[in-house]
Number of protein chains: 2
Amino acid sequence: MATTIASDSGSAPQGGSTRERILQVALELFTEQGYDKTSIRDIAEQLGVTKAALYYHFKSKADILLELHLRLHGLGERLLDALEALPSGEARARAWPQLLDGFITAVDDNRELVALHQRNQSALEALHDSERHRAANDDIERQLRRLLAGSELPPEMRVRMVCSLGAVMAGLLTDGIVDDISHEARVALVRTSVADMFRAP
Amino acid sequence: MATTIASDSGSAPQGGSTRERILQVALELFTEQGYDKTSIRDIAEQLGVTKAALYYHFKSKADILLELHLRLHGLGERLLDALEALPSGEARARAWPQLLDGFITAVDDNRELVALHQRNQSALEALHDSERHRAANDDIERQLRRLLAGSELPPEMRVRMVCSLGAVMAGLLTDGIVDDISHEARVALVRTSVADMFRAP
DNA sequence: GTCTATATTTCGATAGAC
DNA sequence: GTCTATCGAAATATAGAC
């Protein structure tokens, strides 16, 4: 299963089907310039085709964003399933560091998609309100909130959990501050940093 | 100095000058619906005036966003000044938890503005590219990156710093998970959570 | 300062030929 | 599957009266 998108990083990517190349270019431009400031025309020109060609592969601009969104969706679902599988609040609290570790790996493996999400929060929320998306797919964030809020976990633990998620995002996606070490070393440092939030006192 | 904006939370706020009321409504709508999906007309109607009236007070839609951005700008500047005032990398590392504490207070005091920033990252970056903004005001994030990257701080410390900033954002801005305690208690929990990232082993 | 127009542009989307 | 040509909608911004 290929949740990640091959990153040729060329100006006019030739690998894969046209549909896949559209998604690849869209991912780049949506992340760089933002979804709203990227026109269908921008994508088409970067790809060397016309707008009309895009509408053969996708029925709307929002559909392109939706497709990219769904590819990331499985990431959160796996974390949720693992969390939900644990019965009691106590077990959930104990298992969290391990789940977080898997989350770090997943985010790191899908950095481009996560960055797209991070930089286009409002555009993605607008999708949820208008598209059929809600019917079939339960919103991932709402689900996580219900799970954490509904747990018998003490508030102190829930705050730590939320903070740790934000820490992972910042640690893995913020560029320009720790470029003097290898990427693997950086990921490892993120792991230990967030793990320390759940150390015994 | 009023960096925060009075939040009447009414449908048609009457407090303050028209210019201030515009900013207040814009802040709400930009955060709720996103900057790009909020039209000048939306703001005007919510305010009970016409579009043309807005153009008397602001020369463009982007100018409204810019004004809101500048109000948050001072927040990061204060953290930067405090960080820059410390000479050596060692002193900077030791002082970080205290600086972080001030950062938490500042973010909490300006939650609405920070949320606006968080949800409209791409729109704000587009501002930087086009407006005069760059000339007068050095970009706050770039400055922070240079300070941290240029420091003699070890990478392990820099990663922790970046992670802690993300943790604060998530802990203070994510709603729906810890609503069963007072806001003050929640802020206190965020403080201890991130502080634990800088505990001695 | 606020209003009623209106100018101008850009974008998303479609029709139909090839 | 891709093209040319075009439609229609919506948004920003301006002109000028009050």
Side-chain angles (χ1 to χ4, degrees), chain A residues 11-30 32-69 120 122-133, chain B residues 11-30 32-69 120 122-124 126-127 129-133:
Chain A
S11 281
Q14 300 297 342
S17 64
T18 300
R19 186 187 162 89
E20 215 58 33
R21 284 161 52 210
I22 293 172
L23 288 170
Q24 192 175 322
V25 169
L27 175 57
E28 284 175 19
L29 293 182
F30 287 170
E32 265 177 43
Q33 318 173 345
Y35 171 78
D36 292 284
K37 292 195 176 46
T38 301
S39 64
I40 293 282
R41 197 173 169 170
D42 287 335
I43 302 175
E45 281 179 358
Q46 176 104 12
L47 213 58
V49 296
T50 61
K51 291 186 299 173
L54 297 199
Y55 281 97
Y56 173 82
H57 296 278
F58 295 92
K59 82 168 214 289
S60 71
K61 181 186 173 189
D63 242 43
I64 301 179
L65 180 63
L66 181 60
E67 173 75 27
L68 291 170
H69 168 66
N120 293 281
S122 43
L124 282 161
E125 279 169 24
L127 267 194
H128 290 202
D129 294 339
S130 59
E131 304 277 331
R132 75 225 153 190
H133 174 257
Chain B
S11 282
Q14 300 297 341
S17 63
T18 299
R19 186 186 163 90
E20 214 59 31
R21 284 161 53 208
I22 293 173
L23 288 170
Q24 191 175 324
V25 169
L27 174 58
E28 284 175 18
L29 293 183
F30 287 170
E32 264 178 41
Q33 318 174 344
Y35 171 77
D36 292 284
K37 290 189 179 49
T38 300
S39 64
I40 293 283
R41 196 171 170 173
D42 287 336
I43 302 175
E45 281 179 357
Q46 176 104 12
L47 213 59
V49 296
T50 62
K51 293 183 297 173
L54 298 200
Y55 281 98
Y56 173 81
H57 296 278
F58 295 93
K59 82 166 215 287
S60 73
K61 181 187 172 187
D63 240 43
I64 301 179
L65 181 63
L66 181 60
E67 172 76 27
L68 291 171
H69 168 66
N120 293 280
S122 43
L124 281 161
L127 267 194
D129 294 339
S130 59
E131 304 277 331
R132 78 227 150 184
H133 173 256

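For the numbers below, each heavy atom of this structure counts, side chains included, while hydrogens, waters and symmetry mates do not. Each chain gets a letter, A, B and so on, in the order its sequence line appears, and its residues count up from 1.
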Should B:Leu54 and B:Leu47 be marked as a side chain to side chain contact (heavy atoms under 4.5 Å, CB included) after you check the CA-CA gap, both sets of side-chain angles, and the distance that decides it? CA-CA 10 Å; B:Leu54 298 200; B:Leu47 213 59; 4.3 Å; yes
Could you walk me through whether A:Leu23 and A:Phe58 satisfy the side chain to side chain contact (heavy atoms under 4.5 Å, CB included) test, starting with their C-alpha distance in whole Å, then the side-chain angles of each, then the deciding distance to 0.1 Å, before giving a yes or no? CA-CA 10 Å; A:Leu23 288 170; A:Phe58 295 92; 3.7 Å; yes
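Across the protein-nucleic acid pair, B:Arg19 atom CZ and C:dT2 atom C1' stand 17 Å apart, rounded to whole Å. The CD1 atom of A:Ile43 sits 14 Å away from the C1' atom of C:dA13 (whole-angstrom rounding). Atom CG in A:Asp36 sits roughly 14 Å away from atom C1' in D:dA10 (whole-Å rounding). Between B:Arg41 atom CZ and D:dA13 atom P the separation is 16 Å, expressed in whole Å. In this structure, the CD atom of B:Glu45 is 16 Å from the P atom of C:dT2, given to the nearest Å. Atom-to-atom, CG of B:Leu47 to P of C:dC3 comes out at 10 Å; the value is rounded to the nearest Å. Following rounding to the nearest Å, B:Ile40 (CD1) and C:dA7 (P) show an atom-to-atom distance of 21 Å. Taking atom NZ of residue B:Lys37 and atom C1' of nucleotide D:dT12, one finds them 16 Å apart after rounding to whole Å.
Closest to the B:Ser39 side chain, of the nucleotides D:dT6, D:dA11, C:dG1, is D:dA11. With D:dT14, C:dG1, D:dG1 as the choices, the nucleotide that has an atom nearest any side-chain atom of B:Tyr55 turns out to be D:dT14. Taking only side-chain atoms of B:Lys61, from C-beta outward, the nucleotide of D:dC3, D:dA13, C:dA13 with the closest atom is D:dA13. Looking at the side chain of B:Tyr56, the nearest of the listed nucleotides D:dC3, C:dT2, D:dA13 is C:dT2. Side chain of A:Ser60, nearest nucleotide from C:dT2, C:dA13, D:dC3: C:dA13.
Between the side chain of A:Asn120 and the backbone N or O of A:Tyr35 there is at least one donor-acceptor pair closer than 3.5 Å. Although no hydrogens or angles enter the test, the distance criterion places a donor-acceptor pair under 3.5 Å between the side chain of B:Lys61 and the main chain of B:Thr38.
Taking only side-chain nitrogens and oxygens, B:Thr18 comes nearer than 4.0 Å to OP1 or OP2 of C:dT2. Using a 4.0 Å cut-off, no side-chain N or O of A:Thr50 falls inside it from OP1 or OP2 of D:dT2.
Along DNA chain C, the nucleotide nearest A:Tyr35 and the nucleotide nearest A:Ala52 are compared for position; the residue whose nucleotide lies closer to the 5' end is A:Tyr35. In terms of position on DNA chain D, the residue among A:Lys51 and A:His57 whose nearest nucleotide sits closer to the 5' end is A:His57.
Taking the side chain as every heavy atom from C-beta outward, A:Thr18 and A:Arg21 approach each other to under 4.5 Å.
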